[in-house]
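Everything below concerns the one structure shown next.
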Amino acid sequence: LEGILGIGGLSVVYKATCFSDGKAVALKLADSEKSPDAKGLLAREAELMTRLNHENVVKLYESGQTTEGDPFIAMEILEGQTLEQLLISETILDLERAGKICMDVAAAVQHAHEMGVLHRDIKPSNIMLVNRNGVETAVVYDFGISLSIGDDGISFDESSSGSLLYASPEQLSDYGCSYGTDVYQIALVMFESITGRLPFEISVSGALAYRKGDCPVLLNDEELGAQALPACIRKVLEKALDRSPSTRTGSMKLFSDEL
């Protein structure tokens, strides 16, 4: 272990070197002091990640158990900045750049869905922007609260629901999550990227009121001012942010095609 790369709610990610070949990796270990569920969730994350192989998904090198019996995940180290860091420095992105980033994320999540994996935690801090052959590429990582989803397209789980600011309405209820959960989250990311804000007051009460329908799905042009949405983008995002999963954009492919 050579240092800490990041600390999550239930895990710690270290920069580490593999003894066998000297490869530098991001090594994720559970932090059981924060929750008795940490090891189980990391083991589930490892199993789900073995299904994934896509250029816009962080690459898994190896997973298993330490000699003490603790689960671990060894992944590629992503060199770059997160979308969260970019939005802090630039506030808003032009439509072309924001669209390219979200299309990359959509491709990653569509692949995960095809492999029966629901991410559930799409947000700017889980999107890394890396330079590949001179092209900015978005890579999705942190499948810490991901779920396996069955043929019925619905999955129930009582574990952590991720960030309140980006959680879908069904993540805060008993309705179960579906592929539309990830669609909702990526639509929020797109909205934030091109307006510099989320469509509600950034607070617990503001986020909850938004999910319950106490305010409009999207702010009007007068409220957004200089960052008013083009009509075609507004139409796509309003459908993807529908509070009801049954009438929301139903798949990541459909969202990507419409975007």
Side-chain angles (χ1 to χ4, degrees), residues 1-54 56-85 105 108-109 111-113 115-128 130 138-150 155-168 170-172 176-177 181-182 185:
L1 302 181
E2 298 182 7
I4 293 177
L5 290 175
I7 299 176
L10 300 174
S11 61
V12 181
V13 181
Y14 298 90
K15 182 179 181 181
T17 301
C18 180
F19 285 130
S20 60
D21 57 12
K23 179 183 292 183
V25 302
L27 186 69
K28 189 172 186 177
L29 299 172
D31 188 346
S32 299
E33 293 184 359
K34 292 184 177 179
S35 170
D37 298 328
K39 290 183 181 180
L41 289 172
L42 187 64
R44 183 176 71 185
E45 179 182 2
E47 188 280 319
L48 294 177
M49 287 190 68
T50 61
R51 307 181 193 179
L52 308 179
N53 181 21
H54 192 277
N56 298 112
V57 176
V58 64
K59 184 180 297 183
L60 173 69
Y61 291 141
E62 185 181 354
S63 63
Q65 291 188 341
T66 67
T67 53
E68 292 80 18
D70 296 327
F72 74 85
I73 300 174
M75 304 166 285
E76 67 174 316
I77 294 179
L78 297 171
E79 302 284 357
Q81 65 177 333
T82 65
L83 178 57
E84 179 182 52
Q85 292 169 327
V105 174
V109 178
H111 169 71
H113 289 178
M115 297 297 106
V117 178
L118 183 65
H119 192 285
R120 289 204 306 165
D121 203 18
I122 302 296
K123 57 186 178 182
S125 60
N126 285 342
I127 300 167
M128 185 68 75
V130 300
V139 179
V140 176
Y141 66 102
D142 196 348
F143 288 77
I145 64 168
S146 296
L147 295 175
S148 181
I149 195 160
S155 188
F156 293 88
D157 186 80
E158 296 180 356
S159 62
S160 172
S161 293
S163 168
L164 174 62
L165 293 182
Y166 299 92
S168 66
E170 60 269 21
Q171 284 180 276
L172 306 178
C177 294
T181 299
D182 287 345
Q185 293 182 332

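Rounded to the nearest 0.5 angstrom, Y166 OH and D121 CG are separated by 10.5 Å. In this structure, CG on N126 lies 9.0 Å from OG1 on T82, to the nearest 0.5 angstrom. Interatomic distance, L78 CG to K59 NZ, rounded to the nearest 0.5 Å: 10.5 Å. Separation of atoms CD (E45) and CD1 (I73) is listed at 4.0 Å; rounding is to 0.5 Å. With values rounded to the nearest 0.5 angstrom, N56 atom CG is found 10.5 Å from I127 atom CD1. Between the CG atom in L27 and the CG atom in L5 there is a gap of 9.5 Å [rounded to 0.5 Å].
Annotation for V130 and V139: closest pair CG2-CG2, 3.9 Å, computed over non-hydrogen atoms. Closest approach of A26 to I77, counting heavy atoms only: N-CG1, 3.5 Å.
No donor-acceptor contact under 3.5 angstrom links the side chains of T181 and Q171, judged on distance only. A donor-acceptor contact under 3.5 angstrom links the side chains of E170 and S168, judged on distance only.
Looking only at side-chain heavy atoms (C-beta outward), L1 and Y14 come within less than 4.5 Å of each other. Proximity of Q65 to D70: side-chain heavy atoms (C-beta onward) are nowhere separated by under 4.5 Å. Between K34 and I7, some side-chain heavy-atom pair lies under the 4.5 Å cut-off. Considering only heavy atoms from C-beta on, C177 comes within 4.5 Å of R120 through its side chain. The side-chain heavy atoms of M75 and Y141, taken from C-beta on, include no pair separated by under 4.5 Å.
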> Checking side-chain contact (heavy atoms from CB on, under 4.5 Å) for the pair E76/V58: CA distance, chi angles, key distance, verdict?
Replying inline: CA-CA 7 Å; E76 67 174 316; V58 64; 3.7 Å; yes
> Could you walk me through whether Q185 and D182 pass the side-chain contact (heavy atoms from CB on, under 4.5 Å) check?
Replying inline: CA-CA 5 Å; Q185 293 182 332; D182 287 345; 3.8 Å; yes
> Are K28 and D142 close enough, and set up right, to give a side-chain contact (heavy atoms from CB on, under 4.5 Å), and what steps lead you there?
Replying inline: CA-CA 10 Å; K28 189 172 186 177; D142 196 348; 3.3 Å; yes
>> Please determine whether side-chain contact (heavy atoms from CB on, under 4.5 Å) holds for the pair V140 and V105, giving the CA-CA distance in whole Å, both sets of side-chain angles, and the decisive distance to 0.1 Å.
In response: CA-CA 6 Å; V140 176; V105 174; 3.8 Å; yes
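A donor-acceptor contact shorter than 3.5 Å links the side chain of H111 to the backbone of N53. Of the possible donor and acceptor atoms, none in the side chain of R44 sits under 3.5 Å from a partner among the backbone N and O of S148.
The number of heavy-atom neighbours closer than 6.0 Å to CD of E2, taken from other residues, nucleotides and ligands shown, is above 12.
Partner of L10 under the side chain to side chain contact (heavy atoms under 4.5 Å, CB included) criterion, out of L42, L41, D37: L41 alone.
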